[in-house]
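Just so you know, residue 1 is the first one in the sequence shown, and it goes up from there. Basis for what follows: all heavy atoms, side chains included, without hydrogens, waters or symmetry-related copies.
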Amino acid sequence: MEPFEFVNFTLSDPSLLLSGATNMNFSLCSTSSELACPSDCVMRSPVANRFLSREPVRFDETWKKRKYFNTKKVFASTHIVPGHLEDSSSIAKKSLLPRREPVERLGFVRTLLIDNYDSYTFNIYQALSTINGVPPVVIRNDEWTWEEAYRYLYEDAAFDNIVISPGPGSPMCPADIGRICLRLLLECRDIPILGVCLGHQALGYVHGAHVVHAPEPVHGRLSGIEHDGNILFSDIPSGRNSDFKADKESLPKELIPIAWTVYDDTGSFSEKKFSTPVNTSLSPSRNASVISVPETLENQSYWPSPHVDGKQDRHILMGIMHSTFPHYGLQFHPESIATTYGSQIFKNFKDVTVDYWSRYKSPSLRRRMINETANMQVPSACQLLKELSRTRNTGNGSSYNNNNSSNSLSTAKKNGVDVFNLVDLAYAKPDTKLLRLKWKKLERLVHKVGGARNIFMELYGKNRGNDAFWLDTSSSDKARGRFSFMGGKGGSLWKQLTFSLSDQSEITSKHGGHLLIEDAHGSTEKRFLEEGFLDFLRKELSSLSYEEKDFKGLPFDFCGGYVGCIGYDIKVECGMPINRHKSKAPDACFFLADNVIAIDHQLDDVYVLSLHELDTAETSFLNDTEEKLITMSVSPTRKWKDQTLPAIDSSQRKASFVPDKSREQYINDVERCMQYIKDGESYELCLTTQNRWRIENTDPLGLYLHLREKNPAPYAAFLNFSNANLSLCCSSPERFLLLDRNGMLEAKPIKGTIARGSTPEEDELLKFELKLSEKNQAENLMIVDLLRNDLGCVCEPGSVHVPNLMDVETYTTVHTMVSTVRGLKKTDISPVECVRAAFPGGSMTGAPKLRSVEILDSLENCSRGLYSGSIGYFSYNGTFDLNIVIRTVVIHEDEASIGAGGAIVALSNPEDEFEEMILKTRAPANAVIEFCSGSSERH
């Protein structure tokens, strides 16, 4: 056997395959005559009549043989599949686009990237940005008309090639493949096109292949990929010298197979990552190379081999090319983080493009150059990018210029972007406030006063912690969380925001809602926010300016600003569909905290911070708080037993949480999720449910103190909003998103959870079991790629990276699999827009996010509320840190609720998924039960 390397590719559609069979095994949507033969629609288009003047561009035989595939036979056919699409030769005779004029050989390539509403498209965007030398232009698959596409591609010659992204669903369904993808593949015969997954299937479909179900979706699992030496796989290590020869007759003759895999060669990331090459002394074979992919598809209809251990060992199509057009398709994901040679494939496609256009020698055929290529803006391009940039240069954190540019006194910053040339910083802009920060450091004080708990109780514990917050790094592992922050009502700038989305029947805007603002004096103001809460928060933060020198020397980023929570239903402000359910609790609650206590758990220091507006009197908060803390140090063992606690009703002692869904109902929903995955509608679905308990007159702060003792976590929190009758007792181990003062974004998704063992030996075995679990690795990998995509929307090209992949972290009750994704934020993107691009956290939705959220909304019978959302801060200096709201008790109007769930993938076992959901509720539920039954110590 030849030596081989494993290279991971993620596949976007876990259940569909190309086939040459004349009968489709299934259809995801009803097929009309229009769908069955879209070429007829093409010919009826009035624009198409203009395209009949020139012959189609063809490859010459020697170039095709030398550059593209190792076969002497060139396939060309006028065969028409009965009842299906006409073949490309027939189409070419009927409707011929004008030949594209070539570009001069350039160091950059301009790509049109078509997004099929996928959650991995911006991973392709990031890769192509660095490889091509210029970022692609991204459009959604229903964003342009054919006339617009024709104008940019042919009249303006604005693009050198096209990439069609992965996506959910089927190329047979117009809602999945969009307006123009099939037509581009049929008619743009002289423009290089690469289709990935759904794009690959579309390439096969338009030329007569059928798309059929796979017997087993295996998305996220690794498998060896063999290829025939096609230029698309140039410089990728070769592997096993397979005797397998693709049965090209099983596909329409317009399509040539160039890559395939073997069904029984799947495995986990760990298995492939640590596999040992065999017979490494042998040289690679150019004719049969193998790389490894997380496999999702298998063809049911061709290339079968004998059964092995009850399974058919069959070769499965993973790559195709057109026999005469420069069009390619790949079933797997070259953009996945686990794809070792994915970037090489994109480089090869760039080389294909450059080489293709350089072959036109005639000056008369050379197309005109586009001047501002690197900064090209195509009208209507990419709705997401428009959404992210729609408020640039209008006070959302971008720099602005003040008319008074002379005699500048200093440089301030606003939302992390420089604001230069300000004569009077306090009045640089009518709606801008320059906040000044004062702070004191009290060294080695934490242990003297008995820890963070005693500090919070001394300063904010009276009256059950009403209108107070505590972002609490309660984990004993200081490497996971070094700083805690706490604060309460009292400063002159303090205010509370309470936002509730409107019922959909009230308004036409799906993300409008009602905002209640309460200031430090108790005055209230009501507003209706037509553009939603995130837009309001962005404007609020953009109105705050700062000077970096004020917090120079502080080892943390939060220096005051907005602290609170964002509910899951705010997803409607982030491009997600309309909410099917309405939350009883508010959808967002925040404090504007001007007085903050910060605790350095590593160095044992306490910081006291206070914000005030320029030219306003400073408060006595610094000195008063310092005096209180120093006084506390006299009695370090002081215990807090002076709270008045209500008597526990006897019926409440015997009660417990009641799940919204029974075991049978939840298992049935898991099975439905798995069917959606099999049908290619999603790769992974994070199914959740709620557990509720009516608890009256419970002390939320006392409950939180008990929870943090029983289940400490690095992203724990206590929040109390008295005017909303809302408290959150959170013991989350997961960070959603962080933005530091250097502009670095970080996400730490958790996917993969297992209970701790009862003995050290069993515990270590369970930890090892999680680390090697193929199912949990598949879960984690797909969410990591989703987070890379989300960060890729707002980060500098080439900056998104994964420093830690699938690490196992240990907590009090569970082991979890955690990855870290980072990227450098673009300078013209505001902090809130970073959150908008990634919310809700991918670990709570699945992928592709949009389709997955739609499916989950149809399965879940109530709103998730604040569960699955985020708790954290937006600092006035443009930084933020937010967690994922899991392992959390939400107390609203005397009802305690705990949300829990898990990621459903093709490898899921429904009964195991139910047990995992119960496991995740156990720690917070037990804390509530113990506290409310009176079995815990009351402090």
Side-chain angles (χ1 to χ4, degrees), residues 5-12 119-120 122-124 126-127 130 218-223 266-275 291-296 332-344 477 479-480 683-684 686 714-715 733-738 744-754 767-792 795 798-811 814-824 838 841-847 884 903 905 907:
E5 281 191 51
F6 282 101
V7 185
N8 177 23
F9 295 83
T10 306
L11 307 183
S12 73
S119 288
Y120 300 150
F122 273 83
N123 295 336
I124 299 176
Q126 285 275 324
T130 55
V218 284
H219 194 96
R221 298 156 65 186
L222 306 192
S223 178
T266 60
S268 69
F269 178 79
S270 296
E271 289 169 348
K272 301 301 185 182
K273 180 180 178 182
F274 301 113
S275 60
I291 51 186
S292 178
V293 307
E295 214 178 322
T296 46
F332 52 82
H333 284 251
E335 79 280 2
S336 172
I337 184 59
T339 301
T340 310
Y341 292 95
S343 61
Q344 184 62 47
D477 186 349
R480 292 182 189 155
Y683 323 140
E684 177 174 353
C686 185
Y715 306 106
E734 182 173 1
R735 167 175 281 156
F736 165 47
L737 201 60
L738 169 142
M744 185 63 67
L745 284 163
E746 178 184 274
K748 289 178 70 72
I750 289 178
K751 268 289 160 269
T753 302
I754 196 169
K767 182 177 180 180
F768 193 66
E769 177 184 330
L770 175 63
K771 189 174 184 66
L772 297 182
S773 165
E774 186 177 10
K775 182 252 186 187
N776 286 299
Q777 289 176 3
E779 286 183 23
N780 197 283
L781 174 60
M782 288 185 278
I783 299 306
V784 167
D785 280 338
L786 188 155
L787 264 298
R788 290 174 59 236
N789 172 88
D790 291 349
L791 266 62
C795 286
S799 70
V800 178
H801 60 288
V802 182
N804 303 102
L805 181 62
M806 302 182 193
D807 288 347
V808 174
E809 294 184 355
T810 299
Y811 295 90
V814 296
H815 301 292
T816 61
M817 187 177 286
V818 186
S819 296
T820 304
V821 184
R822 292 182 184 143
L824 185 63
S843 61
M844 303 308 296
T845 63
I884 295 284
V905 296
L907 289 173

For K751, all residues meeting side chain to side chain donor-acceptor pair (under 3.5 Å), sequence neighbours excluded: none
For a quick test of reading the model, state the closest non-hydrogen atom pair linking [X] to [Y] and the distance between them.
X    : Y    : answer
N780 : M817 : ND2-O, 3.1 Å
N123 : D785 : ND2-O, 2.8 Å
H815 : T810 : ND1-OG1, 2.9 Å
I783 : G842 : CD1-O, 3.4 Å
G752 : N776 : CA-OD1, 3.2 Å
G841 : F736 : CA-CE1, 3.6 Å

Criterion side chain to side chain contact (heavy atoms under 4.5 Å, CB included) against E684, the qualifying member of L786, L781, V905: V905
Under 3.5 Å side-chain donor-acceptor pair for S119 and N789: no
So do the side chains of [X] and [Y] get within less than 4.5 Å of each other, counting heavy atoms only?
X    : Y    : answer
L737 : L791 : yes
E809 : P733 : no
P714 : Y811 : yes
L805 : S819 : yes

Set of residues satisfying salt bridge (charged side-chain N to carboxylate O under 4.0 Å, His left out) with respect to E746, sequence neighbours excluded: R735, R822
